[in-house]
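To start, the structure under review is shown below, and the notes come after it.
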Amino acid sequence: GINAEYMGIQKARTMKGWDRAQLAQAVNERASVVADYENGKAIPNGQLISKMERALGYHLRGKNALEPLAAPEKPKPKGSK
(Lines give C-alpha, C1' and ligand atoms only; values in the text may rest on other atoms or scores of the structure.)
Protein backbone atom coordinates (compact mmCIF):
# COMPACT_ATOMS: atom_id res chain seq x y z
CA GLY A 1 0.00 0.00 0.00
CA ILE A 2 0.98 3.62 -0.32
CA ASN A 3 2.60 5.18 2.70
CA ALA A 4 0.28 8.13 3.26
CA GLU A 5 2.97 9.83 5.30
CA TYR A 6 4.93 10.62 2.16
CA MET A 7 2.06 11.66 -0.08
CA GLY A 8 2.90 15.15 1.17
CA ILE A 9 6.13 15.23 -0.84
CA GLN A 10 4.27 15.61 -4.11
CA LYS A 11 1.88 18.20 -2.65
CA ALA A 12 4.70 20.25 -1.15
CA ARG A 13 6.66 20.04 -4.40
CA THR A 14 3.64 21.20 -6.38
CA MET A 15 3.07 24.09 -3.96
CA LYS A 16 6.67 25.15 -4.53
CA GLY A 17 6.19 24.86 -8.30
CA TRP A 18 8.95 22.29 -8.77
CA ASP A 19 9.01 19.18 -10.89
CA ARG A 20 10.58 15.95 -9.68
CA ALA A 21 13.90 16.71 -11.35
CA GLN A 22 14.22 20.01 -9.48
CA LEU A 23 13.54 18.38 -6.13
CA ALA A 24 15.90 15.52 -6.97
CA GLN A 25 18.64 17.98 -7.85
CA ALA A 26 18.08 19.93 -4.63
CA VAL A 27 18.66 16.80 -2.53
CA ASN A 28 21.33 15.22 -4.78
CA GLU A 29 19.19 12.26 -5.76
CA ARG A 30 17.84 10.87 -9.02
CA ALA A 31 14.32 11.83 -10.09
CA SER A 32 13.43 8.12 -9.94
CA VAL A 33 14.18 8.15 -6.19
CA VAL A 34 11.82 11.11 -5.72
CA ALA A 35 9.21 9.26 -7.78
CA ASP A 36 9.55 6.18 -5.56
CA TYR A 37 8.97 8.30 -2.47
CA GLU A 38 5.95 10.00 -4.02
CA ASN A 39 4.55 6.63 -5.05
CA GLY A 40 5.15 5.16 -1.60
CA LYS A 41 7.57 2.57 -3.00
CA ALA A 42 10.71 3.81 -1.30
CA ILE A 43 11.89 2.57 2.06
CA PRO A 44 11.83 5.90 3.89
CA ASN A 45 15.20 7.36 4.79
CA GLY A 46 14.85 9.94 7.56
CA GLN A 47 17.93 11.85 6.44
CA LEU A 48 16.62 12.18 2.90
CA ILE A 49 13.18 13.23 4.12
CA SER A 50 14.85 15.93 6.24
CA LYS A 51 16.74 17.14 3.16
CA MET A 52 13.49 17.25 1.21
CA GLU A 53 11.81 19.17 4.02
CA ARG A 54 14.57 21.79 3.98
CA ALA A 55 14.63 21.96 0.18
CA LEU A 56 10.85 22.36 -0.09
CA GLY A 57 10.41 24.47 3.04
CA TYR A 58 7.56 22.30 4.32
CA HIS A 59 7.17 19.65 6.98
CA LEU A 60 6.55 16.31 5.27
CA ARG A 61 5.84 14.13 8.29
CA GLY A 62 3.45 13.88 11.18
CA LYS A 63 0.70 16.24 12.23
CA ASN A 64 2.60 19.28 10.93
CA ALA A 65 2.75 17.88 7.41
CA LEU A 66 2.54 20.58 4.73
CA GLU A 67 2.97 23.40 7.23
CA PRO A 68 5.84 25.75 6.40
CA LEU A 69 9.09 24.84 8.15
CA ALA A 70 9.33 28.39 9.47
CA ALA A 71 6.18 27.89 11.54
CA PRO A 72 6.97 28.58 15.18
CA GLU A 73 7.15 25.43 17.23
CA LYS A 74 6.42 25.29 20.91
CA PRO A 75 9.68 24.30 22.53
CA LYS A 76 9.36 21.27 24.77
CA PRO A 77 11.18 21.74 28.06
CA LYS A 78 14.00 19.22 28.33
CA GLY A 79 13.36 16.53 30.88
CA SER A 80 9.58 16.98 30.84
CA LYS A 81 7.64 13.73 31.12
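Keep in mind the model is a prediction, meaning the values are calculated, not measured.
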Min side-chain heavy-atom separation R13-Q22 under 4.5 Å: no
S50 and R61: CA distance, side-chain angles, deciding distance, side-chain contact (heavy atoms from CB on, under 4.5 Å) verdict: CA-CA 9 Å; S50 294; R61 296 174 277 198; 3.1 Å; yes
Non-neighbouring partners of E29 that pass salt bridge (charged side-chain N to carboxylate O under 4.0 Å, His left out), sequence neighbours left out: none
H59 and L69: CA distance, side-chain angles, deciding distance, side-chain contact (heavy atoms from CB on, under 4.5 Å) verdict: CA-CA 6 Å; H59 290 281; L69 278 184; 3.7 Å; yes
Minimal non-hydrogen separation, E38 against R20, with atom names: OE1-NE, 2.6 Å
Heavy-atom donor-acceptor pair, N45 side chain to L48 backbone, under 3.5 Å: yes
Non-hydrogen atoms of G8 and L66 that approach each other most closely: O-CD2, 3.4 Å
Min side-chain heavy-atom separation Y37-M52 under 4.5 Å: yes
Trace of the side-chain contact (heavy atoms from CB on, under 4.5 Å) decision for I49 with I9: CA-CA 9 Å; I49 296 289; I9 296 170; 4.1 Å; yes
Residue list, side-chain contact (heavy atoms from CB on, under 4.5 Å) with A21, at least two apart or on another chain: D19
Step-by-step side-chain contact (heavy atoms from CB on, under 4.5 Å) determination, L23 to K16: CA-CA 10 Å; L23 175 54; K16 194 170 171 77; over 6 Å; no
Which atom of L60 lies closest to which atom of A12, heavy atoms considered: CD2-CB, 3.8 Å
